[in-house]
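Notes follow the structure.
Both ligands and their constituent atoms are indexed starting at 1 by order of listing.
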Amino acid sequence: MNADELPALRDELEAHGLWANKGLGQHFLLDLNITRRIARAAGDIAGKPVIEVGPGPGGLTRALLEVGADPLIVIEKDARFLPLLEPLNQWSGGRLHIVQGDALEADEAELLARFAPNAARAAIVSNLPYNVGTPLLVKWLKAGPWRGEMTLMFQKEVAQRIVAKPGTDAYGRLAVLAQARCEARLEFTVPARAFTPPPKVASAIVRLTDRQDAYPDLAALERVTAAAFGQRRKMLRAALRSLCPEPEALLRRAGLEPTARAEEIGQAGFRALADAWRGT
Ligand code: SAM
C-alpha cells in the first residue's frame with residue numbers, strides 16, 4: 001500500500017475547516033517524506049503493535065500504516081481530527097484503532113490487551129505535543145513490560161537533554177532518568193519550517209531502546225536527581241541537604257566525593273546514590 005494515493009493532508013485540513021490549536025501543541029508534519037523517515041527510524045515494525053500519541057491530521061499515522069504497523073493504536077485529545085483519521089482504518093484493512101482522550105491518563109497496557117491481545121509489547125512512535133512531551137516520556141520510562149522501543153520527536157533542546165552525557169550543560173535529571181532505563185540516541189533533527197504552523201525552534205527524533213541493566217527504582221532516582229540538580233552548581237554535600245540531614249554520610253555510603261557536583265556524576269554514581277538513599 002502507498003500513502004501517496006490518499007488525499008493530500010493540506011487539502012484534508014482545508015476541506016474540514018481545521019486549524020492548529022497552539023494550546024494543544026499542534027504543529028503538523030504534512031510532508032510524507034519526513035513522516036516516512038520517522039517511521040523508518042522506528043526500525044522493523046511491520047506486523048507489530050505500535051502506539052502513536054497525537055496523530056492529529058494523520059501524517060505520521062499514514063507512514064506507520066504504510067510500513068505495516070499492526071495494530072496501530074492512536075491516542076488523540078482533539079476530537080476534531082477523528083473524521084480525518086477514521087478513513088485510514090478502512091484504507092489499512094482495519095489495522096487502526098483510534099482512542100480519543102488524554103494520553104497522560106491513558107492505560108496503554110489495557111489498550112494493548114484490548115486491541116492486540118496476543119502481543120506482549122508495543123513500540124511507541126510519536127511527534128509529541130511539546131507541552132506534555134517530558135511528562136509522557138517519564139510516564140513511559142516507568143511503564144511495565146508492555147512498553148517496547150520508543151521513537152519520539154521532541155523540541156531539539158529537550159532531545160539534547162535526554163541524550164546528554166555528564167559534564168555537559170544539557171546533562172541533568174532527564175538524562176539520568178532516561179538513561180537509567182534506556183539507551184538514548186538522537187537520530188536526526190527536523191527544522192522548524194518543516195511544520196505547519198512552524199514552531200519557534202527545531203525538533204529532533206530520539207530513539208530509546210531498553211537497556212539490559214535497567215535501574216529498577218526510578219522513584220528513588222527522581223528524588224536524588226531532583227535534589228542534586230536542584231542546585232547543580234553547588235557541591236553535592238550542600239545540594240543534598242534537602243534530601244537528608246547528613247548528606248556527607250550518604251555520599252560516603254554511595255562512594256561519591258562530597259565536593260563533587262551533580263553534573264559530574266554519571267549513571268553508576270546516581271544509581272549508587274539512589275541505593276544509599278533508599279537504605280537510609
Ligand atoms: N502527529 C501529527 C503530526 O506529526 O503532524 C501531529 C503532531 S502535533 C505536534 C501533537 C498532537 O498531539 C496534536 O494532534 C494534539 O492535538 C495532540 N495532543 C496534545 N496533547 C495531547 C494529549 N495530552 N493526549 C493526546 N494527544 C494530545
Side chain to side chain donor-acceptor pair (under 3.5 Å) pairs touching residues 87-103, sequence neighbours excluded, are Glu5-Trp91
Does a donor on one side chain sit under 3.5 Å from an acceptor on the other, for Lys200 and Gln155? no
Charged N to carboxylate O below 4.0 Å: is that the case for Asp210 and Arg121?
yes
Pocket residues around ligand 1 (non-hydrogen, under 4.0 Å) come out as Leu24, Gly25, Gln26, His27, Phe28, Leu29, Glu52, Gly54, Pro55, Gly56, Ile75, Glu76, Lys77, Asp78, Gly101, Asp102, Ala103, Asn127, Leu128, Pro129
Applied to residues 239-250, the side chain to side chain donor-acceptor pair (under 3.5 Å) test, sequence neighbours excluded, yields none
Q) Thinking salt bridges, do Arg185 and Glu183 make one under a 4.0 Å N-O criterion? A) no
With sequence neighbours left out, the residues meeting ring-ring contact (aromatic ring centres under 6.0 Å, His included) with Tyr171 are Phe229
